[in-house]
Peer 1: 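Before I ask anything, let me first share the structure, which is written out below as structure tokens.
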There are 2 protein chains.
Amino acid sequence: MALAHANPADAESGRERILHRAAELFLARGYAETSLRTIADAAEMRPASIYYHFESKDHLLTEILDRGIDGVMTAFDEAEKRVEGVTDGRTRLNAHVAGHMHALFANQVFTAAHITIFPFIPDTVRARAVPQRDEYEARWTELLEGIATQLPKQAVAYIRLSLFGAMNSSLHWFDPANGTVDKLAAAIVATLWNGIESHQ
Amino acid sequence: MALAHANPADAESGRERILHRAAELFLARGYAETSLRTIADAAEMRPASIYYHFESKDHLLTEILDRGIDGVMTAFDEAEKRVEGVTDGRTRLNAHVAGHMHALFANQVFTAAHITIFPFIPDTVRARAVPQRDEYEARWTELLEGIATQLPKQAVAYIRLSLFGAMNSSLHWFDPANGTVDKLAAAIVATLWNGIESHQ
DNA sequence: CACCTTACCGAACGATCGTTAGGGTGACAA
DNA sequence: TTGTCACCCTAACGATCGTTCGGTAAGGTG
């Protein structure tokens, strides 16, 4: 008889399988639209088994959201290390935008799922995620204020929101198979930095 | 005894009340997350009464989506009339961005609901809305290609997507009470056109 | 060997969902 | 007065939802 987990793809533990398949389904169809039976099917187990690993559907969602935030937080840390000592604002901005975008399009879908379904999750779960999101937002505010020192803070806040809109909305249309994430990140920074005018 | 509809706010017909309250609820909580009982409560009637006006929950959603597309289509037409004969690209772009933003933040929430919940609606309803969305997209492509004639079409496509991201994501953070929609539209165009560099 | 833990399962619970059948009422026309 | 129609109702249907209960098989530990 064959060993369990003979297929390397099955090496993932049951708990990890639930998390990944659930995040993929939440990203594609939404939270309320995805039943635990669908998740269980995708994770190759029965619905009741999910309750061995998670207290409730909301707790499963909470862990997915947490991993999503961790993804961009880690990307931010790594980008900061990569441009340590660099003074050129555009280079530093580019590194961080690329980091955020890589987290978005990484094969681990937690960050993409977090950003996409956040507005439609139950109030209690959302309330718990807000402080974590605020912290990430604050790091970007600090970064951008350090780069655009001449701009008033309100303008920086607008640039941050506009940048987030550009970065996150790319989830809905950009296909990493048709172009590298780094190039997309560079294009977003270019649009923000130079605008159309410099191209004409 | 008081007349029915004595309150001017009640002058809305039952059908219109259902459409408006449902669009508001879908925008705030999502489609699957909003039950017909919740919609009926908001429209001050019983769940079964909704079926006098609409064939099903999906048909109700379909009409809301249609009105949302109509909102931006009409805004596009009006913007085109407003800048008829104008050759300056930025002025023309500004008018259309302002039109789109006004449709987004108008008190009729159909456009905002359409854009926000579109990724999470049932497949059959989404499939029906795709051609309408493609048509609106094509009008923007034509507009932008006419403005940025020197740019390759692929670059224009990117600019359009980036612009849509900037415009639509403002729904999640911009509060019309804290600044006019026109100013936000102008700021989005300025970011796209001049970028950070011209500010420093 | 007994005993515990890990990881899962089948079956069913109550709640809620979209939906339907059938009835009532007031306005208005004949 | 009677009939028609628009509009809304009460009550309940079957389906699906998240969840719970009581298991069981495998593997480690003493």
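Protein chains get the first letters and strands the later ones, always in sequence-line order, with residue 1 at the start of each.
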Peer 1: Measure CG/A:L36 against P/C:dA12 and give the value in whole Å, please.
Peer 2: 20 Å

Peer 1: Mind running side-chain hydrogen bond (donor to acceptor under 3.5 Å, both in side chains) on A:T141 and A:R160 for me, showing each step along the way?
Peer 2: CA-CA 7 Å; A:T141 299; A:R160 174 177 52 77; 2.9 Å; yes

Peer 1: Are A:E135 and A:I69 side-chain neighbours, meaning at least one heavy-atom pair lies under 4.5 Å?
Peer 2: no

Peer 1: Hey, would you say the B:H59 and B:Y51 ring centroids sit under 6.0 Å apart?
Peer 2: no

Peer 1: Whole Å only: how far is the CE atom of A:M45 from the C1' atom of C:dT6?
Peer 2: 12 Å

Peer 1: Might you point out which heavy atoms bring B:L25 and B:I39 nearest each other, and give the distance in Å?
Peer 2: CD1-CA, 3.9 Å

Peer 1: Looking at A:Y31, does the NZ or CZ of A:K57 lie under 6.0 angstrom from its six-membered ring centre and within 45 degrees of the ring axis?
Peer 2: yes

Peer 1: Atom CG of B:D41 and atom C1' of C:dT16: how far apart are they, to the nearest Å?
Peer 2: 14 Å

Peer 1: Where along residues 47-59 of chain B does a heavy atom come under 4.0 Å from DNA chain C, residue by residue in number order?
Peer 2: B:A48, B:Y51, B:S56, B:K57

Peer 1: Kindly point out which of D:dC8, D:dG18, D:dA12 is positioned nearest to the side chain of B:R37?
Peer 2: D:dA12

Peer 1: Is the phosphate of D:dC17, meaning OP1 or OP2, less than 4.0 Å from a side-chain N or O of A:S35?
Peer 2: yes

Peer 1: What about the rings of B:H96 and B:F76, do their centers lie closer together than 6.0 Å?
Peer 2: yes

Peer 1: With a 6.0 Å cut-off on the ring centroids, do B:H20 and B:F110 count as close?
Peer 2: yes

Peer 1: How would you label the contact of A:R46 with the nucleic acid (heavy atoms, under 4.0 Å): base, sugar-phosphate, or nothing?
Peer 2: sugar-phosphate

Peer 1: Rounding to a whole Å, what distance do you find between B:I18:CD1 and D:dC9:C1'?
Peer 2: 13 Å

Peer 1: Within residues 20-34 of chain B, find the residues that approach DNA chain C with a heavy atom at under 4.0 Å, and present them sorted by residue number.
Peer 2: B:T34

Peer 1: Taking all atoms of both residues into account, what is the closest heavy-atom pair of A:A95 and A:R82, and its distance?
Peer 2: O-NH1, 4.2 Å

